[in-house]
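When a ligand or atom number is given, it counts from 1 through the structure's own listing order.
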Amino acid sequence: MTKKIVFFIGSLRKDSYNKKVAEAFSSLLPDGYESVFVKMDDLPFYNEDLETPENVPAEWTRFRNEVNELDGVVFVTPEYNRSVPAVLKNALDVGSRPYGHSVWDNKPGLVVTASPGGIGGFGANHHLRQSLVFLNIPTLQQPEAYIGNIANLVDEEGHIVEGTMSFLQTILDAYLDFSKKLND
Ligand SMILES: Cc1cc2nc3c(=O)[nH]c(=O)nc-3n(C[C@H](O)[C@H](O)[C@H](O)COP(=O)(O)O)c2cc1C
């Protein structure tokens with residue numbers, strides 16, 4: 001059966017570098033895998049007061065149902081102020097509730113950060129991992145994926161350059177291998 005891998009992009013920007021990286025990963029998926037992009041920017045901010053059958057926002061329910069169906073979760077995100085962009089953190093929070101019904105539990109995870117800066121979003125990468133530990137998303141540890149100087153790794157047509165594509169392939173292969181071992 002085809003495995004569905006979701007790509008969560010921590011940037012809402014139309015020309016986002018992280019979006020280009022996520023699309024590049026998606027293009028490298030082998031047969032037997034399908035990429036899915038789940039909408040996060042319409043999710044109302046998490047508020048426990050809304051967690052009742054009459055009040056739960058339709059967007060939260062849609063998001064939870066969609067993520068529940070998926071086999072693996074890949075986060076491709078910029079770093080905002082040395083941490084995780086709010087849109088992504090909010091999505092993690094929405095998916096984690098109601099208590100005992102988290103959509104994240106045991107889904108194999110991959111964290112990739114890309115930045116025009118030299119340290120490749122290291123702070124966001126590790127802040128995100130802190131939440132993933134608690135959410136019980138087993139996450140690939142090695143190789144790590146901090147993509148620095150991303151502005152220089154995209155050509156004039158907006159494609160990721162060859163050397164970086166082969167790095168993405170290495171990361172993806174390790175992730176799919178890791179996921180398979182978890183499911184054995
Ligand atoms: C609010 C804000 C905070 C930022 N903080 C950081 C940061 O801590 N580290 C970093 O490397 N870049 C930071 N940047 C720059 C982003 O890495 C850059 O805008 C990048 O292109 C965003 O990713 P995107 O191209 O996928 O939208 C920040 C940008 C914004 C808008």
Has E48 got more than 12 heavy atoms of other residues, nucleotides or ligands less than 6.0 Å from its CD? no

Looking only at distances, please establish whether an N/O atom of ligand 1 is found under 3.5 Å from an N/O atom of K19. no

Without hydrogens or angle criteria, can the side chains of [X] and [Y] be said to hold a donor-acceptor pair below 3.5 Å?
X   : Y   : value
N65 : E69 : no
T52 : N55 : yes
N68 : R64 : no
E51 : Y46 : yes

Note the single closest protein heavy atom to [atom], along with its residue, its atom name and the distance in Å.
atom                    : answer
atom 2 (C) of ligand 1  : Y80 CD1, 3.7 Å
atom 22 (C) of ligand 1 : P78 CB, 3.6 Å
atom 11 (O) of ligand 1 : S115 OG, 2.7 Å
atom 27 (O) of ligand 1 : S11 OG, 2.7 Å
atom 25 (O) of ligand 1 : R13 NH2, 2.8 Å
atom 5 (N) of ligand 1  : N81 N, 2.8 Å
atom 8 (O) of ligand 1  : R82 N, 2.8 Å

Evaluate the side-chain proximity of V6 to V74: yes if any heavy-atom separation is below 4.5 Å, no if none is. no

Numbered atoms of ligand 1 (with element) below 4.0 Å of N18, judged on heavy atoms: 23 (O), 24 (P), 26 (O)

Salt bridge between D93 and K89, side-chain N to carboxylate O under 4.0 Å? yes

Salt bridge flag under 4.0 Å for residues K39 and D41: yes

Given K20, K14, E79, which one has a non-hydrogen atom that is nearest to atom 12 (N) of ligand 1? E79

Option nearest atom 26 (O) of ligand 1 (shortest heavy-atom distance, choices P116, S16, S83, G117): S16

For the aromatic rings, using the six-membered ring if either is Trp, is the centroid distance between W60 and F45 under 6.0 Å? no

Could you check whether atom 19 (O) of ligand 1 has a protein contact, counting only heavy atoms that fall below 4.0 angstrom? no

Can you find a protein heavy atom under 4.0 Å from atom 15 (C) of ligand 1? no

